[in-house]
Amino acid sequence: MSTPPTQTDIDAEIATAHARAQEGARPQGHTRAQTPAQSPIRTRVAGPEARHHPPRDFPPYRSSALRFPRQRPVPLSDPEAVELTGPVFGVTDVTALDSDLTRHHQGAPLGERITVSGRVLDRLGRPVRGQLVEVWQANASGRYAHQLDQHPAPLDPNFIGFGRCLTDDEGRYAFTTVKPGAYPWRNHTNAWRPAHIHFSVFGEAFAQRLVTQMYFPGDPLFPYDPILQSVTDQAARDRLVAAWDHTLTVPEWSLGYRWDIVLDGPAATWFEEGRE
């Protein structure tokens, strides 16, 4: 069995990948995508692919080498068929309670209560109305309410870590939750993920789903995280970090963070899944 890489090893690989990206080359180990559908994080900007576009098999992110597609996608004879059998989301399926992750149980969850709000926008800054936005996250101790998460941090019986809402006419969403904790993962020795919240935007159909992560300002783990660092452009990474916003704080209740999601264009939020 090979020796697990250390943080120093990962840091060196990240530095190499960033240097290659700055030179306009793809990071070592990348297999060029066969089709746009195989590309994990794309903008909808016409023209060549951005130099800082993260490959699916970003070497410092060890499991990505086992997860990215190596074969051409199978074409669908009827692309609309997936919409006929997939989930259907309507306004009646989402309630006001769904967006407050602190009120899903009889007791209050432990941790720092926060409000996270922002707008879903298109490339011209226009609001995207009526979009289903979902979030999921670890609890304040950095543990997910999931059977696969078995690291020794306490579960919170009053926090399941999932919420959803629909954007309003201004494209605005808002969630009340607790600030998630950092947690260890087994990418390398002593690997820790920065605190983050997963976001999902569904568009007009299930097949249009886009997934990303929002981070918190000033996290000391940013330089050491190969998932965040797979976005090799600093400006693009910065767009994944929320901003503290005192106007969003609720007196004696929650602190406030603002984070806009831009679906396409030069200022697009970077997503985890393919975009066409």
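Residue numbers count from 1 along this sequence.
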Ring centres under 6.0 angstrom apart (Tyr61, Trp185): yes
Atom pair CZ/CH2 of Arg113 and Trp253 - distance to nearest 0.5 Å: 3.5 Å
Cluster link Ile261 to Leu121, ILVMFWY, side chain under 4.5 Å: no
Residues, nucleotides or ligands: over 12 heavy atoms within 6.0 Å of Gln106 CD: no
Flag, side chain of Arg209 to backbone of Ser200, donor-acceptor distance under 3.5 Å: no
For Leu248 against Gly256, the heavy-atom pair lying closest together: CB-CA, 3.8 Å
Side-chain donor or acceptor of Asn187 paired with backbone N/O of Pro60 under 3.5 Å: yes
CD1-CG distance between Ile10 and Asn190, expressed to the nearest 0.5 angstrom: 12.0 Å
Side-chain donor or acceptor of Glu112 paired with backbone N/O of Ala140 under 3.5 Å: no
Cluster overlap Leu240 with Trp192, hydrophobic side-chain contacts below 4.5 Å: no
Minimum heavy-atom distance Ala65-Asp57, with the two atoms named: CA-CB, 4.1 Å
Heavy-atom donor-acceptor pair, Asp100 side chain to Leu97 backbone, under 3.5 Å: no
Test item: Val128 and Thr167 side chains (from C-beta on) under 4.5 Å apart, heavy atoms: no
Any Pro226 side-chain heavy atom under 4.5 Å of His188 side chain: yes
Geometric class of the His246/Trp244 ring pair [parallel <30°, tilted 30-60°, perpendicular >60°]: tilted
Exam field: side chain Asn139 to backbone Pro154, donor-acceptor pair closer than 3.5 Å: yes
Single-linkage hydrophobic cluster, 4.5 Å side-chain cutoff, Leu221 and Tyr183 together: no
Other residues, nucleotides, ligands: >12 heavy atoms within 6.0 Å of Arg237 CZ: yes
Interatomic spacing from CD in Gln234 to CZ in Arg239 - rounded to 0.5 Å: 11.0 Å
Test item: side-chain donor near acceptor, Thr8 and Asp11, under 3.5 Å: no
Step-by-step side chain to side chain contact (heavy atoms under 4.5 Å, CB included) determination, Glu170 to Arg129: CA-CA 7 Å; Glu170 297 299 320; Arg129 304 176 179 88; 5.9 Å; no
Test side-chain hydrogen bond (donor to acceptor under 3.5 Å, both in side chains) applied to Asp225 - qualifying residues, sequence neighbours left out: Arg193
Phe216, CZ atom: more than 12 neighbouring heavy atoms under 6.0 Å: yes
Minimal non-hydrogen separation, Val262 against Asp122, with atom names: CG1-O, 3.9 Å
In one Ile/Leu/Val/Met/Phe/Trp/Tyr side-chain cluster, 4.5 Å: Val135, Ile227: yes
Which atom of Ala242 lies closest to which atom of Pro217, heavy atoms considered: O-CD, 3.4 Å
Main-chain N/O of Gly118 paired to Asp260 side chain as donor or acceptor, under 3.5 Å: no
Asp219 and His196: CA distance, side-chain angles, deciding distance, side chain to side chain contact (heavy atoms under 4.5 Å, CB included) verdict: CA-CA 10 Å; Asp219 196 313; His196 60 279; over 6 Å; no
Those residues that, when tested against Thr247, pass side-chain contact (heavy atoms from CB on, under 4.5 Å) (two or more places apart): Asp245, Arg258
Candidate pair Leu228 and Gln213, rule side chain to side chain contact (heavy atoms under 4.5 Å, CB included), full reasoning: CA-CA 9 Å; Leu228 178 60; Gln213 297 181 19; over 6 Å; no
Donor-acceptor contact present, side-chain Gln7 to main-chain Tyr224, <3.5 Å: yes
Distance-minimising heavy-atom pair for Leu132 and Val94: CD1-CG2, 3.8 Å
Ring centers of His151, Tyr144 separated by less than 6.0 Å: no
Hydrophobic cluster identity match, Val178 and Trp259, side-chain contacts under 4.5 Å: yes
Minimum side-chain heavy-atom gap Gln22-Thr232 below 4.5 Å: no
Expected output: side-chain Asn158 to main-chain Gly107 donor-acceptor under 3.5 Å: yes
Atom pair CZ (Phe199) and CZ (Phe175), whose distance is rounded to the nearest 0.5 Å: 6.0 Å
Between NE2 on residue His104 and CZ on residue Phe162, distance to nearest 0.5 Å: 8.5 Å
Distance-only donor-acceptor check, side chains Thr102 and Thr176, under 3.5 Å: no
Flag, side chain of Ser64 to backbone of Phe58, donor-acceptor distance under 3.5 Å: yes
Euclidean distance, Ser230 OG relative to Ile14 CD1, rounded to 0.5 Å: 9.0 Å
Whether over 12 other heavy atoms sit under 6.0 Å from Ile160 CD1: no
Heavy-atom side-chain proximity of Pro180 to Ile197 below 4.5 angstrom: yes
Non-neighbouring partners of Glu252 that pass side-chain hydrogen bond (donor to acceptor under 3.5 Å, both in side chains), sequence neighbours left out: none
Shortest non-hydrogen contact between Cys165 and Ser99, atoms and distance: CB-CB, 3.9 Å
Whether Thr177 side chain and Leu101 backbone form a donor-acceptor pair below 3.5 Å: no
Side chain to side chain, Gln150 and Arg143, heavy atoms closer than 4.5 Å: yes
